[in-house]
Protein chains: 2
Amino acid sequence: MPRKPGYDRNDLINRARDLFWRQGWAGTSLKDLEAELQMKPGSFYAAFGSKDALYGLALDQYASDGAARLHALAGEHGPVEALRRFPLEVLKNPSAPARACMLSRTLLELQAHEHPLADRASDHLRGMEEQFATLFTEAQSRGEIDPTLDPKKLARKYQSDLMGLRVTAERRDVDALALASEFAETVGRT
Amino acid sequence: MPRKPGYDRNDLINRARDLFWRQGWAGTSLKDLEAELQMKPGSFYAAFGSKDALYGLALDQYASDGAARLHALAGEHGPVEALRRFPLEVLKNPSAPARACMLSRTLLELQAHEHPLADRASDHLRGMEEQFATLFTEAQSRGEIDPTLDPKKLARKYQSDLMGLRVTAERRDVDALALASEFAETVGRT
DNA sequence: TATATACTTGAGTGATCGCTCAATAAACCC
DNA sequence: GGGTTTATTGAGCGATCACTCAAGTATATA
């Protein structure tokens with residue numbers, strides 16, 4: 001009886017993610033979304049309910065994409081090499097919406113207003129951190145890094161430095177790739 | 001002949017800086033500013049011209065404050081110890097508007113729309129970086145750190161890691177001080 | 001004290017914000 | 001093909017955005 005939508009929902013979410021990632025939450029208006037997704041307001045709200053709801057979906061998509069990419073890298077190159085290559089995946093991609101991390105952007109923009117999406121971003125950051133820790137643990141059991149170090153501390157430091165790198169890479173007067181390869185060298189040491 | 005303003009202009013800029021620092025550019029409305037500065041729209045626009053103009057002044061104030069604080073630390077404790085203590089100045093202060101750096105916030109929020117304030121933030125970041133480099137150079141001539149390292153690279157890495165630290169410190173599930181002292185230990189090494 | 005010169009007030013500007021909804025069109029089952 | 005169900009359309013909602021301006025008030029000089 002029903003009528004099928006004329007769009008691919010997952011594709012819409014990915015396009016919205018890129019737009020939000022690039023322009024931020026407040027910086028992306030419904031006009032922007034309507035233009036990017038080729039949807040009129042009625043369809044948009046029938047499909048997603050609200051701008052915030054779509055942002056949440058985009059955030060989840062962003063996080064699970066990152067987790068999948070890191071997992072794939074680890075399977076192909078092992079844990080340490082995966083952690084070294086991970087930053088380059090974004091920084092080397094010229095069509096990436098932004099260098100900075102969408103999760104940290106969201107946290108910075110919405111935390112002060114105690115917006116639920118800030119907590120959602122924070123949760124995803126913790127999830128990524130746990131994935132990093134798992135890789136460090138695996139690297140230790142393989143004998144690739146110092147086994148006396150605390151994987152959780154390594155993971156937190158790795159993530160923190162990575163976010164710094166990705167913010168710095170937003171600057172136009174900075175050679176992001178040079179900074180990234182310098183970052184890669186330090187992974188596993190200290 | 002004229003009439004003196006009933007406010008201290010510098011105090012207003014400082015209060016605006018704290019509000020912008022905490023809530024961001026889009027996150028701070030003129031209503032917010034009017035309430036915080038106790039000014040009606042007419043007075044506000046007579047005094048500052050526009051929201052962007054005041055944001056620019058606040059940004060400059062933020063940058064020069066930071067530079068002055070770092071300079072004072074260096075005079076008191078020497079370059080390396082200054083660089084070690086610098087992050088704690090913000091993170092230990094419970095009344096600070098935010099943990100994250102206002103310059104990086106501004107860059108992240110406004111860069112995609114090519115807003116002039118993003119460039120202004122970027123310029124200030126470069127200025128801070130140069131100050132860091134100067135301190136590293138001084139530390140080398142004092143023999144406090146490895147003289148073969150490039151002060152500019154050290155400065156960039158220091159600033160990048162510092163920004164990461166300060167973003168991470170925004171998370172409610174993270175012990176910012178533990179991360180900061182860990183960060184302090186690494187200054188001058190590597 | 002008179003006057004010129006600012007500062008202050010606050011109602012109100014057009015534009016844009018996220019969002020609604022009644023009307024219309026299209027696709028599925030029987 | 002008829003009937004049902006859902007997707008799509010787009011004008012337009014109230015609220016808020018940054019901002020303006022004419023009128024009123026206070027202060028310094030003459």
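Within every chain, numbering begins at 1; the chains are lettered A, B, ... in the order of the sequence lines, protein sequences first and strands thereafter. Keep in mind that this is a model prediction, so the values were computed, not measured.
Within residues 47-60 of chain B, the residues approaching DNA chain D are B/Ser50, B/Lys51, by heavy-atom distance under 4.0 Å.
Here C/dT9 presents its C1' atom at 14 Å from CD of B/Gln38, a figure rounded to the nearest Å. Look at CD on B/Glu34: it is 11 Å from C1' on D/dC17, rounded to the nearest Å. Spacing between atom CG of A/Leu30 and atom P of C/dT16 amounts to 15 Å, rounded to whole angstrom units. Note: CZ (B/Phe44) to P (C/dT9) measures 15 Å, nearest angstrom.
Side-chain N/O atoms of B/Tyr45 include none lying less than 4.0 angstrom from OP1 or OP2 on D/dT20.
Taking only side-chain atoms of A/Ser43, from C-beta outward, the nucleotide of C/dC17, D/dT9, D/dC19 with the closest atom is D/dT9. Of the candidates D/dA11, D/dC17, C/dT8, C/dT8 carries the atom nearest the B/Tyr7 side chain, counting heavy atoms from C-beta on. Ranking C/dA11, C/dC19, C/dT9 by closeness to the B/Lys40 side chain, first place goes to C/dT9. Of all nucleotides listed (D/dT9, C/dT8, D/dA11), C/dT8 comes nearest to the side chain of B/Ala46.
Residue A/Pro5 is in sugar-phosphate contact alone, with no base atom involved, counting any heavy-atom pair closer than 4.0 Å across all strands shown. A/Ser29 comes within 4.0 angstrom of sugar-phosphate atoms only, judged by non-hydrogen atoms across all strands, and of no base.
Exactly one residue among B/Asp65, B/Leu59, B/Leu57 makes a side-chain contact (heavy atoms from CB on, under 4.5 Å) with B/Arg17. That residue is B/Asp65.
Here A/Phe48 and A/Phe44 bring their ring centres to under 6.0 angstrom of each other.
Remark: the B/Glu89 side chain and the B/Asn93 side chain contain no N/O donor-acceptor pair separated by less than 3.5 Å.
Rotation axes derived from the C1' atoms of the five outermost pairs at either end of the helix from C/dT1-D/dA30 to C/dC30-D/dG1 lie 10° apart, to the nearest 10°.
Among pairs with a residue in residues 44-58 of chain A, those fulfilling side chain to side chain donor-acceptor pair (under 3.5 Å) read A/Trp25-A/Asp52, A/Asp52-A/His115, A/Tyr55-A/Thr106, at least two apart in sequence or across chains.
Taking CZ from B/Arg172 and CD from B/Glu170, the interatomic distance works out to 10.0 Å, rounded to the nearest 0.5 Å.
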